2 protein chains.
Amino acid sequence: MVRSAQDATKDVELLRNFLNDREMALNGRLPPERSLCEELGISRGKLRNALAQLEAEGQIWRHVGRGTFFGPRPVLNLSEVEYLSEQCRPTEVIEARMAIEPQMAKLAALHGTASNFAEMRRCVRLCKSAKDWRVYESWDNNFHQAIAAATCNKLLISLFDTLNIVRRSTVWGQMRATRLPPKDHKSFAEHDAIYDAIVDRDPERAAEAMRTHLRSVRDRSYKPFDD
Amino acid sequence: MVRSAQDATKDVELLRNFLNDREMALNGRLPPERSLCEELGISRGKLRNALAQLEAEGQIWRHVGRGTFFGPRPVLNLSEVEYLSEQCRPTEVIEARMAIEPQMAKLAALHGTASNFAEMRRCVRLCKSAKDWRVYESWDNNFHQAIAAATCNKLLISLFDTLNIVRRSTVWGQMRATRLPPKDHKSFAEHDAIYDAIVDRDPERAAEAMRTHLRSVRDRSYKPFDD
DNA sequence: AAACAGACCAATATCAAAATGGTTTGACCA
DNA sequence: TGGTCAAACCATTTTGATATTGGTCTGTTT
């Protein structure tokens with residue numbers, strides 16, 4: 001027993017030294033198991049035991065067909081938004097929106113440019129004049145996207161894009177109760193409030209207006225299920 | 001002149017009718033241009049002009065090699081984090097973290113489970129005992145990821161993953177000034193504060209502790225450039 | 001009983017060929 | 001002269017067959 005345990009730790013150290021000598025880069029790929037076990041002079045079973053320990057420590061991660069990689073964790077984000085859409089309940093989506101979009105409105109008020117504001121104004125206007133739910137949703141979507149663009153932060157814009165795709169694919173098909181959006185749709189005033197606060201360069205008011213808008217959207221969409 | 005303008009709008013209407021008759025699904029793919037122009041009985045040039053107008057309206061989007069798709073906007077998120085990493089300056093990354101992570105801490109305090117807390121405690125402990133910067137960063141990363149997991153929101157977790165990947169790839173290689181992390185590293189107390197607030201189920205305090213931590217990280221990392 | 005080598009499996013990468021949106025060219029026509 | 005059209009060409013992406021890779025099982029050996 002002691003003998004085999006010593007051997008196991010010995011194999012792990014052999015592997016550790018190999019990684020240190022090679023000065024593996026982050027996310028660098030290790031040689032395939034079949035090559036590596038030969039290179040280290042140990043059997044594939046021994047090698048796999050050592051790899052398993054390093055994986056448990058979070059030093060490497062493995063994936064069938066791809067290989068073994070040096071790094072702290074497997075990359076969970078699959079970019080398969082369809083997968084996310086299936087996994088996410090609508091309440092999760094609205095929760096994520098309420099966590100992120102007010103902050104984006106805040107940054108939009110701080111960093112937005114004149115052309116950002118013009119685009120937002122255009123979206124608000126076309127949203128009001130929409131004669132079809134599908135067109136309305138399109139410009140409502142463009143409005144929120146314009147706010148994201150106004151943050152002037154490419155990373156935030158990208159994150160919002162994925163959030164937005166998931167939102168659209170979960171909400172799509174809902175809201176067919178009425179054929180046309182009403183003239184006095186509640187969102188119109190809320191859009192105006194968000195727009196005004198951002199143009200006034202008032203971050204806190206912009207965030208609060210966005211929260212109010214999202215609360216309204218949430219209550220309008222999920223009230224049937226809540227009560 | 002009037003004649004050609006009329007023809008142009010006529011082509012657009014022809015295309016609109018085609019889409020309505022087919023009842024295109026969201027993100028549905030249109031036939032290839034070469035087939036569609038034949039099917040509609042117009043030249044490819046005319047078809048492309050009509051498609052261009054619909055694209056300007058945000059009704060469709062096109063991509064070389066992929067096709068023409070029905071939907072409000074091109075899908076910007078390429079999931080190519082490497083691209084984002086090149087496009088994003090470090091200040092954008094820290095800005096995005098300060099926008100999102102405090103909200104996640106808040107939700108973690110609301111929704112976290114006992115096993116989430118245990119994982120967070122483990123990360124904090126192993127972070128303190130790290131004898132190497134790389135190991136320290138690994139457990140610091142795991143700690144923030146545990147907070148994301150505690151939100152119990154798959155969408156937020158996924159968004160945080162991409163944010164995190166970009167962060168790691170831009171920050172990687174920095175911070176080689178000292179060989180080992182100091183025993184009294186400032187982040188240790190900050191991690192404790194975040195962990196305590198979350199376990200105490202105090203959302204506002206958790207968010208504030210996270211903001212403090214991120215401010216500290218930002219000042220420590222980018223002070224050389226700011227002054 | 002444990003370790004090993006080989007074979008097999010499912011998932012992924014790889015690479016050439018086909019497909020697709022975008023552009024240019026030259027002929028044709030009003 | 002200005003516009004239209006068809007064909008060719010380009011860069012990018014998809015597709016499909018093949019090779020590669022981590023994970024697993026089996027029979028043999030020690």
Side-chain angles (χ1 to χ4, degrees), chain A residues 1-12 14-15 18-19 27-56 59-71 73-80 82-83, chain B residues 1-12 14-15 18-19 24 27-56 58-71 73-80 82-83:
Chain A
M1 277 306 182
V2 177
R3 174 69 179 280
S4 71
Q6 279 181 349
D7 285 358
T9 61
K10 191 174 137 192
D11 293 335
V12 173
L14 192 65
L15 187 52
F18 173 85
L19 295 178
N27 293 335
R29 194 174 118 179
L30 277 63
E33 292 182 354
R34 291 165 178 78
S35 314
L36 189 52
C37 66
E38 195 172 9
E39 189 168 357
L40 295 181
I42 59 179
S43 72
R44 198 177 161 212
K46 293 279 192 189
L47 172 62
R48 283 183 56 76
N49 286 339
L51 286 171
Q53 178 162 340
L54 260 62
E55 187 178 33
Q59 297 291 340
I60 63 168
W61 60 279
R62 303 183 275 182
H63 202 93
V64 182
R66 301 184 63 181
T68 305
F69 298 84
F70 184 70
R73 286 224 182 193
V75 177
L76 293 180
N77 182 356
L78 351 157
S79 87
E80 295 173 2
E82 297 183 0
Y83 169 78
Chain B
M1 274 305 183
V2 176
R3 174 70 180 280
S4 71
Q6 278 180 348
D7 286 359
T9 60
K10 191 174 134 190
D11 294 335
V12 172
L14 191 66
L15 187 52
F18 174 85
L19 294 179
M24 289 296 298
N27 292 334
R29 194 175 119 180
L30 278 63
E33 292 181 356
R34 290 164 178 80
S35 314
L36 189 52
C37 64
E38 194 172 8
E39 189 168 357
L40 295 181
I42 59 179
S43 73
R44 197 174 162 214
K46 292 279 192 188
L47 173 63
R48 283 182 57 75
N49 286 339
L51 287 171
Q53 179 163 339
L54 259 63
E55 187 178 33
Q59 297 290 340
I60 63 168
W61 61 279
R62 305 184 274 183
H63 200 93
V64 182
R66 301 184 67 181
T68 304
F69 298 85
F70 184 69
R73 286 221 178 194
V75 177
L76 293 180
N77 182 358
L78 353 155
S79 88
E80 296 173 3
E82 297 183 2
Y83 169 79

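Throughout, a chain's letter reflects where its sequence line sits, starting with A, and its residues are numbered from 1. Here the structure is a predicted model, which means the values were calculated and not measured.
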Engineer: Rounded to the nearest 0.5 Å, what's the gap from CH2 on A:W61 to CD on A:E55? Could you check?
Structural biologist: 10.0 Å
Engineer: Please classify the nucleic acid contact of A:G67 as base, sugar-phosphate, or nothing, using heavy-atom distances under 4.0 Å.
Structural biologist: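 Sugar-phosphate contact only.
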Engineer: Is the shortest side-chain heavy-atom distance between B:L15 and B:L36 below 4.5 Å?
Structural biologist: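 Yes, close enough: below the 4.5 Å cut-off.
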Engineer: Taking only side-chain nitrogens and oxygens of A:T68, does any of them come within less than 4.0 Å of OP1 or OP2 of D:dT21?
Structural biologist: no
Engineer: Nearest whole Å is fine: how far is D:dA6 P from B:I42 CD1?
Structural biologist: 11 Å
Engineer: Measure from CZ on B:R44 to C1' on D:dA8 and round the result to the nearest Å.
Structural biologist: 11 Å
Engineer: How bent is the helix from C:dA1-D:dT30 to C:dA30-D:dT1, measuring the angle between the end axes built from five pairs each, rounded to 10°?
Structural biologist: 10°
Engineer: Could you pull out the closest heavy-atom pair between B:A52 and B:R62, with the gap in Å?
Structural biologist: CA-NH2, 3.4 Å
Engineer: In whole Å, I'd like the distance from the CG atom of B:D11 to the P atom of D:dG3.
Structural biologist: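 Distance, rounded to whole Å: 16 Å.
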Engineer: CZ of A:R29 versus P of C:dA13: gap in Å, rounded?
Structural biologist: 9 Å
Engineer: From the set D:dC9, C:dA5, C:dA11, return the single nucleotide nearest to any side-chain atom of B:R34.
Structural biologist: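 Selected nucleotide: D:dC9.
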Engineer: Rounded to whole angstroms, how far apart are CZ on A:R62 and P on C:dT12?
Structural biologist: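 Going from A:R62 (CZ) to C:dT12 (P), I get 16 Å.
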Engineer: Round to a whole Å and report the spacing from CZ of B:F69 to P of C:dT20.
Structural biologist: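 It is 10 Å, rounded to the nearest whole Å.
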Engineer: B:L30 CG to C:dT20 C1': how many Å, rounded?
Structural biologist: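 Going from CG in B:L30 over to C1' in C:dT20 covers 13 Å.
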Engineer: Please determine whether side-chain contact (heavy atoms from CB on, under 4.5 Å) holds for the pair B:D11 and B:N49, giving the CA-CA distance in whole Å, both sets of side-chain angles, and the decisive distance to 0.1 Å.
Structural biologist: CA-CA 8 Å; B:D11 294 335; B:N49 286 339; over 6 Å; no
Engineer: Do B:K46 and B:K10 have side chains that approach each other closer than 4.5 Å (heavy atoms only, starting at C-beta)?
Structural biologist: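 B:K46 vs B:K10: side chains apart.
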Engineer: Please report, rounded to the nearest Å, how far the C1' atom of D:dT21 is from the CH2 atom of A:W61.
Structural biologist: 13 Å
Engineer: Considering heavy-atom distances to DNA chain D, does B:G65 or B:G45 have its closest nucleotide positioned more toward the 5' end?
Structural biologist: B:G45
Engineer: Out of C:dC4, C:dT20, D:dC5, which nucleotide sits closest to the side chain of A:S43?
Structural biologist: C:dC4
Engineer: Check B:R66 against B:R29 and note the closest heavy-atom contact, atom names and distance.
Structural biologist: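 Looks like O-NH1, 3.5 Å.
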Engineer: Less than 4.0 angstrom between a side-chain N/O of A:R48 and OP1 or OP2 of D:dG23, yes or no?
Structural biologist: yes
Engineer: Counting only side-chain heavy atoms from C-beta out, which of C:dG22, D:dT13, D:dG22 sits nearest to B:H63?
Structural biologist: D:dT13
Engineer: Considering only side-chain heavy atoms of B:V64, which listed nucleotide, D:dA6, C:dA11, D:dA11, is closest?
Structural biologist: D:dA11
Engineer: Using the side-chain heavy atoms of A:E33, tell me which of these nucleotides is nearest: C:dG22, D:dT13, D:dG22.
Structural biologist: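 Between C:dG22, D:dT13, D:dG22, the one nearest the side chain of A:E33 would be D:dG22.
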Engineer: B:R66 side chain N/O closer than 4.0 Å to the phosphate oxygens (OP1, OP2) of C:dT20?
Structural biologist: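 No, B:R66 has no side-chain N/O under 4.0 Å of OP1/OP2 on C:dT20.
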Engineer: Could you give the distance from CG (A:L54) to CG (A:L30), rounded to the nearest 0.5 Å?
Structural biologist: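 Between atom CG of A:L54 and atom CG of A:L30 there are 9.0 Å.
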Engineer: For the OG1 atom of A:T68 and the CZ atom of A:R48, what is their distance to the nearest 0.5 Å?
Structural biologist: 8.5 Å
